[in-house]
*Asks:* 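I am attaching a structure below and will ask some questions about it afterwards.
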Amino acid sequence: MDLLSGRKANEIFEGQVHVYKHMYVYLNSMCLKWCIELEVPTIIYNHEKPITLHELISILQVPPSKISGVERLMRHLSHNGFFDIVTIHDDDDENKEEKEAYALTIASELLVKGTEYCLIPMAKCSLDPSVSSSYNLLGKWTLEENLTLSEISLGTNLWNFLSKNPSILTSFNESMASDSQMVKLALKDHNAVFEGLESIVDVGSGNGTVSKIISDMFPKLKCIVFDLPHVVENFSGTNSNNLSFIGGDMFNFIPEADAVLLKWILHDWDDEHCVKILKKCKDAISKNTKGGKAIIIDFVINEKQDEFGLTQMKLRMDIAMTTLNGKERSEEEFKKLFLEAGFEDYKIFPLTGMYSLIVVFS
Ligand SMILES: C[S@@+](CC[C@H](N)C(=O)[O-])C[C@H]1O[C@@H](n2cnc3c(N)ncnc32)[C@H](O)[C@@H]1O
Ligand SMILES: O=c1cc(-c2ccc(O)cc2)oc2c(O)c(O)ccc12
């Protein structure tokens with residue numbers, strides 16, 4: 001068969017654009033990193049109004065030879081929804097000439113330093129060369145039985161690597177915390193899931209950001225922040241009335257509570273490990289006479305229902321999870337895990353954005 005023979009030239013060129021778009025899509029990530037490094041969103045925020053290119057390059061002290069570089073960065077990011085290009089009247093200009101200026105969009109507001117929902121730590125961690133360069137080894141990973149991508153790229157599994165590299169562990173925990181902070185926006189509509197609980201254990205909690213959100217929402221609920229010992233030892237000073245920190249291995253033992261919370265845990269693991277974790281969760285909630293529950297916050301792949309861009313994001317994270325031999329799952333795949341671990345039933349509540357809240361009943 002003659003490849004492409006029946007195709008019109010414009011169709012072939014569309015195919016070429018598709019291939020090139022994917023060839024260069026990593027430059028979207030690099031421009032995001034570039035803009036975060038220059039702190040452009042923070043500069044615009046501090047400017048308190050849309051900023052002209054002239055004002056931006058003067059604040060950044062860009063040498064003349066690189067002004068066009070910044071202009072092209074801003075054009076690229078504006079085209080991709082990070083800035084709006086608006087028309088302003090320059091009050092300092094005698095002629096009151098109209099000028100173009102860059103304004104923040106919701107996406108770039110999330111990249112302003114030091115704000116409540118700042119995603120800079122998440123972007124910095126996922127765009128760190130130690131993470132992004134590891135994806136050059138996906139071909140090798142495919143042919144190596146059992147090895148995770150981090151075992152190939154870092155020489156050991158991610159958790160072990162982080163335990164030996166305190167500064168990277170801090171950056172990883174901060175990145176997870178910045179993602180978790182966003183959960184606050186969604187959980188307030190799902191109070192009912194936590195009502196009636198006296199205690200909850202946040203398994204693989206990182207610095208306990210989700211626990212802190214829940215403990216603020218329910219001051220009488222006792223929250224146990226549970227992660228590997230070297231992770232929680234960094235945070236145990238922040239014990240408070242209803243928040244306590246316990247170190248341990250979730251594959252051995254999970255502290256008892258009315259409910260367990262697993263945010264961004266199951267997608268880190270293959271099915272076999274997930275069933276082991278879920279069985280330990282089941283043991284942990286078994287004393288609850290009203291029937292304990294597991295509360296899972298994770299992505300659920302739903303190609304039929306989700307819009308294209310959302311599925312694209314979830315499928316990218318699915319590839320990212322090769323780092324750990326984990327994966328993103330569909331409802332059917334989650335259901336199989338729950339039943340295999342001995343749970344009876346489950347209910348999925350889509351949260352706004354990428355996450356779903358899955359409540360699993362024992
Ligand atoms: C992807 S992070 C999620 C952190 C947090 N739940 C969040 O979403 O912000 C996975 C967490 O699982 C923890 N973890 C890995 N292996 C573990 C184990 N065997 N026992 C307990 N925690 C573990 C890691 O230390 C890490 O904090
Ligand atoms: O976005 C990430 C990035 C990582 C990650 C960090 C450092 C490395 O050397 C490798 C991978 O891990 C993640 C993860 O475990 C997760 O559950 C969600 C997101 C990410």
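The analysis underlying the following values was restricted to heavy atoms, covering all of them including side chains, and did not include hydrogens, waters or symmetry mates.
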*Asks:* Determine whether more than 12 heavy atoms belonging to other residues, nucleotides or ligands lie under 6.0 Å from atom NZ of Lys336.
*Replies:*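 It does not: Lys336 NZ has 12 such atoms or fewer within range.
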*Asks:* Measure the NZ-CG distance between Lys276 and Asp270 for me, rounded to the nearest 0.5 Å.
*Replies:*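 Taking NZ in Lys276 and CG in Asp270, the distance rounds to 8.5 Å.
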*Asks:* Look at the rings of Phe194 and Phe218 and say which category their plane angle falls in: under 30° parallel, 30 to 60° tilted, over 60° perpendicular.
*Replies:*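 If you compare the ring of Phe194 with that of Phe218, the planes turn out tilted.
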*Asks:* Does atom CD1 of Ile12 have more than 12 heavy-atom neighbours, drawn from other residues, nucleotides or ligands, at distances under 6.0 Å?
*Replies:*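 Check passes, neighbour count above 12.
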*Asks:* At what distance, to the nearest 0.5 angstrom, does CG of Leu351 lie from CD1 of Ile297?
*Replies:*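 Between Leu351 CG and Ile297 CD1, I get 6.5 Å after rounding to 0.5 Å.
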*Asks:* Taking all non-hydrogen atoms of both residues, which atom of Asp227 and which atom of Ser205 are closest, and how far apart?
*Replies:*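 Scanning both residues completely, I find the closest heavy atoms to be OD2-N, 3.2 Å.
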*Asks:* Among Ile, Leu, Val, Met, Phe, Trp and Tyr joined by side-chain contacts under 4.5 Å, find the other residues sharing a cluster with Leu339 and list them by chain and number.
*Replies:*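 None; Leu339 is a cluster of one.
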*Asks:* Listed by chain and number, what are the ring-ring contact (aromatic ring centres under 6.0 Å, His included) partners of His230, not counting sequence neighbours?
*Replies:*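 Partners of His230 by the ring-ring contact (aromatic ring centres under 6.0 Å, His included) criterion come out as none, since no residue qualifies.
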*Asks:* Side chains of Leu187 and Tyr355, heavy atoms from C-beta outward: is any pair under 4.5 Å?
*Replies:*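 In short, these two side chains do not touch, never coming nearer than 4.5 Å.
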*Asks:* Out of the candidates Thr323, Asn325, Thr148, only one should pair with Trp141 under the side chain to side chain donor-acceptor pair (under 3.5 Å) rule; please name it.
*Replies:*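 Among the candidates, only Asn325 passes.
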*Asks:* Would you please classify the geometry between the Phe251 ring and the Trp269 ring as parallel, tilted or perpendicular, with 30° and 60° separating the classes?
*Replies:*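 Trp269 vs Phe251 ring planes: perpendicular.
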*Asks:* Less than 4.0 Å between a side-chain N and a carboxylate O, is that true for Glu116 and Lys184?
*Replies:*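 Yes.
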*Asks:* Does the side chain of His267 pick up a donor-acceptor pair with the side chain of Asp318 at under 3.5 Å?
*Replies:*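 Side-chain D/A pair, His267 to Asp318: absent.
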*Asks:* Between Asp179 and Lys263, does any NZ, NE, NH1 or NH2 come within less than 4.0 Å of an OD or OE carboxylate oxygen?
*Replies:*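 A salt bridge links Lys263 with Asp179.
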*Asks:* With under 30° as parallel and over 60° as perpendicular, where do the rings of Phe338 and Phe334 fit, or are they tilted in between?
*Replies:*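 Aromatic pair Phe338/Phe334 classed parallel.
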*Asks:* For Cys274, which of Arg329, Glu333, Glu340 qualifies under side chain to side chain contact (heavy atoms under 4.5 Å, CB included)?
*Replies:*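 Result: among Arg329, Glu333, Glu340, Arg329 is the only option passing the side chain to side chain contact (heavy atoms under 4.5 Å, CB included) with Cys274.
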